[in-house]
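Presented below is the structure to which this report refers.
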Amino acid sequence: MAEPRYDPAEIEPRWQAVWEREHAWEVSNEPDERPKAYVLEMLPYPSGEPHIGHLKTYSVGDAIAHFRRRNGYRVLHPMGYDAFGLPAENHAIKTGVHPRESTRASIEAFQRQFRAWGISIDWTREFGTHEPRYYRWTQWIFLQLLRRGLAYRREAAVKWCPNDATVLANEQVIDGRCERCGAEVEVRQLEQWFFRITDYADRLLDDLDTIDWPAHVKTMQRNWIGRSEGAEVVFRCEELGIDYPVFTTRPDTLFGATFFVMAPEHPDVFRLAAGTDREPEVHEYVNHALNESAEARGDADKPKTGVPLGRTVTNPVNGERLPVYVADYVLMEYGTGAIMGVPAHDERDFEFARTHGLAIRQVIDCGEELPCTGDGPMVNSGPFDGRHNREAYDEIVQWLDREGRGHASVNYRLRDWLVSRQRYWGCPIPVVYCERCGIVPVPEEDLPVVLPDVEDYAPKGRSPLAAAEDWVSTTCPSCDGPARRETDTMDTFVDSSWYFLRYCDPDNDRAAWDRAAVDLWMPVDQYIGGVEHAILHLMYARFFCKALTDMEHLDVSEPFQSLFTQGMVTRAGAKMSKSKGNTVDPADISDRYGADTARCYVLFIGPPDQDVDWSDEGVEGTHRFLARLWRLGAELAETTDAAGAVPAAPEGDDLVLLRKAHWAIEKVTGDMRRFAFNTAISAVHELVNEAYRLRGSAGAGALRFAAETAASLVFPFAPHVGADVYDRLTGRQVWTERWPEADPDLLATDSFTLVVQVNGKVRDRLEAPASATPDELKALAREADNVRAHIDGRDVVKEVVVPGKLVNLVVR
RNA sequence: GCGGGCGUGGCGGAACGGUAGACGCUCCGGCCUUAGGAGCCGGUGGGCCUCACGGCCCGUGGGGGUUCGAAUCCCUCCGCCCGCACCA
């Protein structure tokens, strides 16, 4: 008989066919006695071929899905594609291939890989966000937001990427550059569509406390929302009779204000300067500031420039006249676009005052050098002198309120979400512009507004859709007069802000979802993805659910109950990238070693939430391990009898091996719960190693139990090997088997290794009965040979006993 | 600058405040073999003593502290990584 050989190329397709035939991973929306679990990995963006990061994400998610299933849950584990977006369109511009084509090819590559990896997906729920049957409902959601006043159109200074020729959301600008292409962004005044996410700032902040997410992700969201409490204070320009409110977090420093500054974009800058001798200077400064790149202007280290407007405003608390400046360190988009300058207690104002020779007046005695932001008694503050600033804070705000010169106020860093894009490959915005009726939503029954084909995708500063005249030109749904369609498309983040809802009811052609289906599955119990989505996607999806819940289309205030962010896979410590030529193609790995090896290795390599470094030699080790397990199972299946029962009262090596098996069950189960897949796989290694060591001495029953258990425990990571070995030994389908439970009798031992320390240093180890009392352990410890040598002639002043573990003798 | 994380053998990494280095890679040795880059078995942090059994010392980025006992907790310094950054 030929030596049995582990052959993943034969095993893997065979089991994949079984799962497909048996619809093993499909779940229905019909009631069921099992509790539900919705396990979801972030849907892939189909561009090119899947890379190693995808392998890791879906290996983590699949392990969790399998573990939940075998613990009695009905698991929803679907898949889709975030298919609209710039890369496909840029590819189209270069090659002329329609984005639909390149996207289709990429989706097929992903489908092939997911099947080849044996990921347990319910394929009946699959869709791409670019399919009209999906984006019809993206448009429907847009209309709901519009009706509710949460979608609106306004002209604003927006971030414009000159390379991609489109506007960007605030969140898509990193260090003044386009997140996608790295080009420096410009600021343009344009009319754009926004979603009013700022209405939800407080709830997005507060509800973070209700969800089980990594602390750093919550922190990032909190910082992004950037809530600050303070006061709005009104300064009046007496000459022109205009009030200028400012936002400050430090109303307690109002008496220290010595100047007033406006942002260059402030609409009143020219008005204030008009007619003063500063006018030409102001024009020159503002023009220069507005032309400066966002990056250069954002540099906090550059000198604080600015020019006076030749006007003054009055400080409401003391009637002082403060000179007004325009300076580019003040941002139009935060607060009111104007600030009071308190140089003694703000670093930036201090710097500005120094370069412009402005007065610096200390109003809080914080016991440090100026500028200081600490607390202390107030000085130079009229009636508040001597009071502690924190105490006086509220009184000052109340006083302002009474006088009508201000009130308590909260400001956010969060901006409304700019969702229109002047690009082709996206979801059309379902509105038309009518000469008579203005902006008119497309009636729901006319959805979807289908994305038309165009010849030329090249960006020209307006959407390529504008060239599709037949499509653009339409009639007004309201008055039947001539109208033109909106030619901008939606940010792709809109598409991915609700896909997890559609999985619950993917084929519904009467509604985006049926409430019962969504109520059944939502929220997602375990969400898995990269930390790079910590802000954008995760914040937008939360906003959508809250808005849709407010409109009573849902009852889901938080979509993702629990979040797991997995780390990157690097190589030689560096991020994999095509330009560096250090990529690992997951398809190559599964071709050479099998999908089980690829999946198992990427989890074994290190803790899944951390970055891990890929090593080609390491893969071989994992392959060796799976081959060892498979051969053990195959040999036992051929040479021993399935009827050979597990001994009821095991002895000798049978007992040793069964104990190891039950130890592994306990260890793997605990590790699965805390996502410690690397140590879980190590535990299965140990079990397999032990079985090999005892192959000659343990009985067939114990050996078979060890191999079965190893197969069962490894199944969430290496489903094909797990299923195959389990089937050979038991004839049963491991995925329908309950997750094993450790036998407490076999977990317990009647003796343990007692560690004996003298003064905290390990001096001996000895076998002690598990039943020994602390006094007996102390006695045993004192008798140990090597311990005696260390305590002879000295006084034992203290004995510490940790039952089941150690004794520490403290001597002097 | 602010916030968060990390620092353990040649490498990836283990370790409820209680045996530091599980498991894997690498390397070395043995067995098996016509052969083996397959497989099986064993060894592998550094230094020292011992023919040997075994024993001693050092060791988790540096320094200090808490504790019977610290990789783990606290303080401080150094280094690396991530996020935010003129947000008033």
Side-chain angles (χ1 to χ4, degrees), chain A residues 3 5 174-175 214-224 226-228 230 246-250 253 261 263 297-302 304 327-331 333-342 345-349 351-352 411-415 531-532 534-535 567-568 572-573 601 604-607 609-622 624-625 627-628 631 667 676 678-686 688-689 692-693 695 753-765 785-786 789-790 797-802 804-811:
Chain A
E3 173 95 341
R5 198 173 66 87
I174 312 289
D175 290 333
H216 66 280
V217 176
K218 290 188 184 184
T219 302
M220 280 161 76
Q221 291 218 347
R222 284 197 188 100
N223 291 343
W224 191 264
R227 180 189 156 100
S228 25
V246 301
F247 174 74
T248 177
T249 54
R250 297 297 304 274
T253 64
V261 195
R297 181 163 162 199
D299 183 2
D301 295 331
K302 71 166 191 174
K304 298 267 177 293
D328 68 0
Y329 82 93
V330 175
L331 310 174
E333 60 265 26
Y334 188 78
T336 62
I339 62 155
M340 62 176 191
V342 185
H345 304 292
D346 181 282
E347 263 182 60
R348 298 151 300 177
D349 295 346
E351 209 186 309
F352 189 78
N411 245 277
Y412 301 91
R413 214 187 71 108
L414 183 70
R415 305 265 73 90
V531 73
E532 64 273 19
I535 296 171
M568 257 189 332
Y601 177 64
F604 175 66
I605 187 169
D609 57 332
Q610 281 171 37
D611 290 353
V612 293
D613 205 61
W614 182 277
S615 127
D616 292 336
E617 293 77 36
V619 183
E620 308 244 5
T622 295
R624 211 152 26 228
F625 155 65
R628 262 160 81 80
R631 278 198 314 272
K667 171 76 177 150
N678 54 332
T679 49
I681 293 167
S682 293
V684 185
H685 277 214
E686 288 194 53
V688 171
N689 289 347
Y692 267 83
R693 262 191 293 274
R695 245 185 326 177
T753 304
L754 177 71
V755 173
V756 187
Q757 298 179 332
V758 177
N759 287 347
K761 282 191 194 300
V762 179
R763 293 304 180 190
D764 214 338
R765 297 178 177 122
D785 288 343
N786 200 44
H790 285 91
V797 296
K798 188 169 183 177
E799 294 165 310
V800 180
V801 180
V802 182
K805 276 257 163 67
L806 63 72
V807 171
N808 186 16
L809 304 174
V810 185
V811 299

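Convention: sequence-line order gives letters A, B, ...; per-chain numbering from 1.
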Hey, does Met340(A) have a side-chain heavy atom less than 4.5 Å from the side chain of Thr253(A)?
yes
If we take the [atom1] atom in both [N] and [M], what is their distance in whole Å?
N      : M      : atom1 : value
A15(B) : G65(B) : C1'   : 24 Å
C56(B) : U67(B) : P     : 27 Å
G17(B) : G29(B) : C1'   : 40 Å
A14(B) : C73(B) : P     : 15 Å
C27(B) : G37(B) : P     : 12 Å
G69(B) : U26(B) : P     : 42 Å
C11(B) : G45(B) : C1'   : 13 Å
G46(B) : C40(B) : C1'   : 31 Å

Check every strand shown and say whether [X] touches a base, only sugar-phosphate, or nothing at a heavy-atom separation below 4.0 Å.
X         : result
Val762(A) : sugar-phosphate
Glu686(A) : sugar-phosphate
Ser615(A) : nothing
Ser228(A) : sugar-phosphate
Val810(A) : sugar-phosphate
Lys304(A) : base
His345(A) : nothing
Val342(A) : nothing

Spacing of [X] atom [atom1] relative to [N] atom [atom2], expressed in whole Å:
X         : N      : atom1 : atom2 : answer
Arg631(A) : A38(B) : CZ    : P     : 11 Å
Leu806(A) : G17(B) : CG    : P     : 15 Å
Asp328(A) : A88(B) : CG    : C1'   : 15 Å
Asp616(A) : G37(B) : CG    : C1'   : 16 Å
Tyr601(A) : G24(B) : OH    : P     : 14 Å
Phe247(A) : C86(B) : CZ    : P     : 16 Å
Phe604(A) : G24(B) : CZ    : C1'   : 4 Å
Asp611(A) : C11(B) : CG    : C1'   : 17 Å

Checking contacts here: which listed nucleotide ([options]) is nearest the side-chain heavy atoms of [X]?
X         : options                : result
Tyr334(A) : A88(B), C25(B), U19(B) : A88(B)
Thr219(A) : C68(B), A85(B), G3(B)  : G3(B)
Arg413(A) : C25(B), A88(B), C84(B) : C84(B)
Thr753(A) : G18(B), U19(B), C40(B) : U19(B)
Arg763(A) : G18(B), C40(B), C56(B) : C56(B)
His685(A) : C23(B), G18(B), C84(B) : C23(B)
Ser682(A) : C23(B), G83(B), A85(B) : C23(B)
His216(A) : C86(B), G55(B), G4(B)  : G4(B)
Thr248(A) : A88(B), C23(B), C84(B) : A88(B)

In terms of the nearest nucleotide of RNA chain B, which residue is placed more toward the 5' end: Arg693(A) or Ile605(A)?
Ile605(A)
Nearest-nucleotide wise, let me know which of Tyr412(A) and Gly621(A) is further upstream toward the 5' end of RNA chain B.
Gly621(A)
Can you tell me if the side-chain N/O atoms of [X] get under 4.0 Å from OP1 or OP2 in [N]?
X         : N      : value
Lys761(A) : C58(B) : yes
Asn678(A) : A14(B) : yes
Arg628(A) : C40(B) : yes
His790(A) : G55(B) : no
Asn223(A) : G4(B)  : no
Asn689(A) : G24(B) : yes
Arg624(A) : U26(B) : yes
Arg222(A) : G4(B)  : no

If the plane angle is over 60° it's perpendicular, under 30° parallel, otherwise tilted; pick one for Trp614(A) and Tyr601(A).
perpendicular
Go through it in stages, so that I can follow the logic: the residues are Asn223(A) and Arg413(A), the test is side chain to side chain contact (heavy atoms under 4.5 Å, CB included), and I'd like the CA-CA distance, side-chain angles, deciding distance and then a yes or no.
CA-CA 8 Å; Asn223(A) 291 343; Arg413(A) 214 187 71 108; over 6 Å; no
Determine if the base of G45(B) is syn or anti; take syn to mean the glycosidic torsion is within 90° of 0.
anti
Just checking, Lys304(A) and Tyr329(A): is the charged tip under 6.0 Å from the six-membered ring centre and within 45° of the axis?
yes
Both distances below 3.5 Å, Watson-Crick or wobble geometry, any strand: find the nucleotide opposite [N].
N      : result
U66(B) : none
G39(B) : C31(B)
C16(B) : none
G3(B)  : C82(B)

Taken to the nearest 0.5 Å, the spacing of Arg763(A) CZ from Asn808(A) CG works out to 11.0 Å
One pair to check against side chain to side chain contact (heavy atoms under 4.5 Å, CB included): Asn678(A) and Gln610(A). What are the steps and the verdict?
CA-CA 11 Å; Asn678(A) 54 332; Gln610(A) 281 171 37; over 6 Å; no
Glu351(A) atom CD: more than 12 heavy-atom contacts under 6.0 Å:
yes
Within the distance-only criterion (no hydrogens, no angle test), does the side chain of [X] pair as donor or acceptor with the backbone N or O of [Y] below 3.5 angstrom?
X         : Y         : value
Arg415(A) : Glu333(A) : yes
Asp346(A) : Gly341(A) : no
Asp611(A) : Met568(A) : yes

Do Asn808(A) and C68(B) have a side chain to base donor-acceptor pair shorter than 3.5 Å?
yes
